[in-house]
Amino acid sequence: MTQPIYAAITGWGSCMPPAVLSNEDLSTFLDTSDEWIVTRTGMKERRISHVTATELATLAAKRALACADLDPADLDLIIYGGVSNEELCPNSASGVQISLGAANAASMDLNTACTSFCYGLAAATGMIRTGQVRNAVVIGTELISRYMDWDNRNVAVLFGDGSAAVVLEATENQEGMLASMLGCDAGARDTLRVRGFGCGYSGYGITLGDTFWDFDGQQIFKRAVMGMSRASKEVLAHSGLTADDISLVVPHQANLRIIESVAKYAQIPMDRVMLTVEKYGNMSAATVPVALVDALEEGRVEPNSWLLMPAFGGGLTYCSLLVKWGNRVTPLGHTNDQLPPCSESALTLVNQIRKNQDPHGRSKAGLLAPVFPEERLNRAYPVD
Ligand code: UT7
């Protein structure tokens, strides 16, 4: 009988843009305050990228490959998880592929909003375990600053840019993602919609990418806690583990209060929860992998320990992954590649984006007007 194949996480790397946007910076153009943002969300800072999403993703993937000591030419699969892709065709994964020189890889994008990395990790693990590929790079990257509605304080204070990646490789050791629960609370999909971002918005004199967010924060909050908690409970029960077996929770970081509620429900003390929300905010698909890389770099991942990764996002997708870490918690190698230096402050970068949004003063009006009756939105694009 052949040995079962598992998908070990053998490499990890992140790429964080250096420019830091503080709560005080946000209050220079929004009616908000450091006190409101900290008490309601736990966030103090977030990063704003001066480079493209592909550059962030490529460097994160290079660092992960060096960490695993895997030659890009030997890579079988690239999964690019995210919702802020620069283009839809060609896909973003192929942009990373060409920059890495991973000539023999298959490349796909995966968008389940903030859960995209976690769904990607589950998909790549499945492909390795069924023998379709021998290894994969899974990336979570977001450049939300470029399609943020910077006039809307309900959303503009919450998000940031960033990227991280992991390398998965086939192994006979029982490690890597060993169980997952993926779900989607689709009945609540209207609680988070980015109007103006997608081909369904063409043909109305709208500047594509100049957005208006439908965002029901309180509904999303409640459903996020429910979805992440339910998924975590199920994944633990399915694996015959209890909260005591989990040495570190690496959750999606949309709000400190959401994380505290999920930890309370799972009966896991907060000192076993990795937190990055204060310094990076919500980076959507990049959040979980960046937190994982930070946890490794801070020595918080023990060899052979159990990790739990609950996440949720637009859709409203949710999930929880159970990961058994392997023996190694240190990189095999490093790359010397760096991002080009950033000469602007984060506030200057944001003000440049704000200036370029809505150049004709008509886009927002178009998006706010009922150009999309509900039945049209649900058909994805309007057809007369
Ligand atoms: O990854 C998926 C992304 N989605 C999420 O993460 C959303 C999850 N939801 C949340 O994290 C929270 O619901 C928020 C942080 C978005 C909002 O916190 P909240 O405690 O639910 O506040 P709220 O929406 O009930 O608003 C309370 C007040 C309102 O004023 P009034 O009506 O009480 O006068 C808002 O207008 O706070 C006001 N407010 C703000 N004030 C200052 C809303 N945003 C801001 C702001 N600064 N940025």
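For this chain, numbers begin at 1 and follow the sequence in order. Just so you know, ligand 1 is whichever comes first in the structure, and atom 1 is the first atom listed for that ligand.
- For ligand 1, the atoms sitting less than 4.0 Å from at least one non-hydrogen atom of Arg257 are 18 (O), 19 (P), 20 (O), numbered in the order shown with element in parentheses.
- Centroid-to-centroid, the aromatic rings of Phe197 and Trp213 stay 6.0 Å apart or farther.
- Residue contacts with ligand 1 for Asn282 involve side-chain atoms from C-beta outward but no N, CA, C or O (heavy atoms, distance under 4.0 Å).
- For atom 34 (O) of ligand 1, the protein comes within 4.0 Å by no heavy atom at all.
- Between the side chains of Thr28 and Asp25, not a single donor N or O lies within less than 3.5 Å of an accepting N or O.
- At a heavy-atom cutoff of 4.0 Å, ligand 1 is contacted by the side chain of Val157 but not by its backbone.
- Of the possible polar contacts, none joining the Glu302 side chain to the Arg300 backbone as a donor-acceptor pair under 3.5 Å is found.
- Between Arg63 and Cys15 there is a side-chain heavy-atom pair separated by less than 4.5 Å.
- Met181 places a side-chain heavy atom less than 4.5 Å from the side chain of Tyr318.
- Of all atoms in ligand 1, numbered sequentially from 1 with element shown, those under 4.0 Å from a heavy atom of Cys114 are 1 (O), 2 (C).
- Among the atoms of Leu158, none of the N or O lies under 3.5 angstrom from an N or O of ligand 1.
- For ligand 1 and His252, the ligand atoms under 4.0 Å from any heavy atom of the residue are 1 (O).
- At a distance under 4.0 Å, a protein heavy atom can be found next to atom 13 (O) of ligand 1.
- Here's the thing with Ser33: none of its N/O atoms is less than 3.5 angstrom from an N/O atom of ligand 1.
- Among Gln218, Met283, Lys222, the residue whose heavy atom lies closest to atom 23 (P) of ligand 1 is Gln218.
- For atom 47 (N) of ligand 1, the closest non-hydrogen atom on the protein side is Thr32 OG1, 2.6 Å.
- Taking the side chain as every heavy atom from C-beta outward, Val323 and Met309 approach each other to under 4.5 Å.
- Residue Arg40 has at least one heavy-atom neighbour below 4.0 Å for each of these atoms of ligand 1: 19 (P), 20 (O), 22 (O), 27 (C).
- The shortest non-hydrogen separation linking Ile139 to Ala165 is CG1-CB, 3.9 Å.
- Listed by chain and residue number, Trp12 satisfy the ring pair (Phe, Tyr, Trp, His ring centres under 6.0 Å) test with Trp325 (two or more places apart in sequence, or in another chain).
- Of all protein heavy atoms, the one closest to atom 28 (C) of ligand 1 is Trp36 NE1, 4.2 Å.
- Considering only non-hydrogen atoms, atom 36 (O) of ligand 1 lies nearest to Arg153 out of Gln253, Met43, Arg153.
- With hydrogens and angles left out, the side-chain atoms of Gln97 and Ser107 include a donor and acceptor closer than 3.5 Å.
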Side-chain donor/acceptor pairs under 3.5 Å, residues 259-272, sequence neighbours excluded:
from   : atom 1 : to     : atom 2 : distance (Å)
Ser261 : OG     : Arg257 : O      : 2.8
Arg272 : NH1    : Ala243 : O      : 3.2
Arg272 : NH1    : Ile246 : O      : 2.6

Query - Stepwise salt bridge (charged side-chain N to carboxylate O under 4.0 Å, His left out) check, Lys44 with Asp34 - result: CA-CA 7 Å; Lys44 286 191 178 161; Asp34 178 54; over 6 Å; no

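- Taking every heavy atom of Ala254 and a limit of under 4.0 angstrom, the matching atoms of ligand 1 come to 1 (O), 6 (O).
- Residues Ser33 and Ser27 are not in side-chain contact: their nearest non-hydrogen atoms beyond the backbone lie 4.5 Å or more apart.
- Proximity to Asn154 (heavy-atom distance under 4.0 Å) selects the following atoms of ligand 1: 43 (C), 44 (N).
- Geometrically, Arg223 does not engage Phe312 in a cation-pi contact defined by less than 6.0 Å to the ring centre and at most 45° from the axis.
- Looking at atom 4 (N) of ligand 1, its nearest protein heavy atom turns out to be Phe215 CZ, 3.3 Å.
- Counting the atoms of ligand 1 from 1 in the order shown, those under 4.0 Å from a heavy atom of Asn255 are 10 (C), 11 (O), 12 (C), 15 (C).
- Considering backbone and side-chain atoms together, Thr41 places no N or O closer than 3.5 Å to any N or O of ligand 1.
- Closer than 4.0 Å to atom 8 (C) of ligand 1 lies at least one heavy atom of the protein.
- Ranking protein heavy atoms by distance to atom 2 (C) of ligand 1, first place goes to Phe312 CE1, 3.5 Å.
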